[in-house]
Amino acid sequence: MSSSQRYNALKGVQDILPPDIYLWQRVESVARKIFANYGFQEIKAPIIESTTLFTRSIGETTDIVEKEMYTFPDKAGRSITLRPEGTAPVVRAYVEHHLHTLPPPQKFFYSGPMFRYERPQKGRFRQFYQIGVEAFGVATAELDGEVIAMLKVLLENLGLRELNFEVNSIGCEECRPSYRSSLQDFFSSRLDHLCPDCKRRYEFNPLRILDCKVERCIETRKGAPKVTDFLCGECRDHFEGVLSILRLLQIPHLVNPDMVRGLDYYTRTTFEVTTEHLGSQKAVAAGGRYDRLVEEFGGPFTPAIGFAIGMERLTALLKETGGTEVPSPQVFMASIGKRATQEGLLMAERFRAKGLWVEVGYEGSLRSQLRRADKLASHYVFIIGDDELSSGKMQWKNLRDGSQGEVEITQADEFVSSRLIP
Ligand SMILES: [Zn+2]
Ligand SMILES: [Zn+2]
């Protein structure tokens, strides 16, 4: 045999292990429940897509497309990209499967890994997980308000408080050109103060300067024109409508005209949920409208809106604010001797069939088995040895309250049913 080799996970990715995984599972199960209440159905799209799906929709001059995509040729020479976000694949599926022929709105959610080649730093990963939703086919502000309300209900059901809902409207193809040129006017005399990326953005996509993270760009853009001052009549009405629905649904919110989001496909409403608990990585969830994307992918005009929640940040926040319960075995079968161990295995199978989590001792002294039962925080321990087998009884112990006793082996099924099955 060749010599052994140790491996570590790649830079910027992480394993999610117990007990943290229980936090992740809780988020997913609460999300599924809340999404179902609002009529969102699950969709599973592939992790790989054609590269142009993302370059077209997210935008050629965005950070994601310029710097962060995992793009590679497959064996047939096609350019493939690991999805950096979840919306474009869902929109692609929506058009490909003619879901626009179904009565609107069509509402979907997804959950899974996304990939961006970012500089690894605290709380940022190259493979990261998102739970997201997309709702297609309704243009009115009620849908925007309802989607934001659903996000709030979800985060509150998970136990989060002190959340800030920031909203903005970035206009439409009618009103954005005038905003764009007014931004260019503003930055034309300040070009020397911008980072090299922003100098390029100035030409092709000046809105992107507003979400550059370089310190001197943040400084330079102070006093830049606000997008909300340039909205056309329809966009202004829509935005006013969204704000009034948020008031109706009692969602405290802040209008943040600097929030443009890092993707080109957004139109009108954009929103973010932030918290003070995460330091500089403040946003837990973000989303917006993308009324033109279905058309851009070859479908009919279909207004749409969605959001995505960052699982790493959300679980970090939940951990900080109380964590989650880690499940433990309901029964531990400790056994001594071959015959007793086999009897214990059979009993364990019967208890599992009743829906209980049952651990068995496998091997080692009774002492070491009991130590393991205790470490797992097992509820009941049964102790069965060859002596017990011949007397037809075994010992039980409730590790939670310290009570103990004996039970006839033939009565064991009834015993666990009455004590452990509600
Ligand atoms: Zn407009
Ligand atoms: Zn910059």
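We're numbering straight along the sequence, starting at 1. Read the numbers this way: they start at 1 and go in the same order the structure lists the ligands and their atoms.
- Atoms SG of Cys198 and SG of Cys217, as seen from the Zn ion (ligand 2), are separated by an angle of 110°, to the nearest 10°.
- Between the SG atom of Cys235 and the SG atom of Cys175, the angle taken at the Zn ion (ligand 1) works out to 110° after rounding to 10°.
- Salt bridge status for Arg126 with Glu68: absent, with no side-chain N to carboxylate O gap under 4.0 Å.
- Side chains of Thr81 and Thr71: a donor on one and an acceptor on the other come within 3.5 Å.
- Asp63 pairs in a salt bridge (Lys or Arg N to Asp or Glu O under 4.0 Å) with only one of the listed residues (Arg119, Arg116, Arg201), which is Arg201.
- Between SG of Cys212 and SG of Cys195, the angle at the Zn ion (ligand 2) works out to 120°, rounded to 10 degrees.
- Judged by distance alone, the side chains of Tyr290 and Glu134 do bring a donor and an acceptor atom under 3.5 Å apart.
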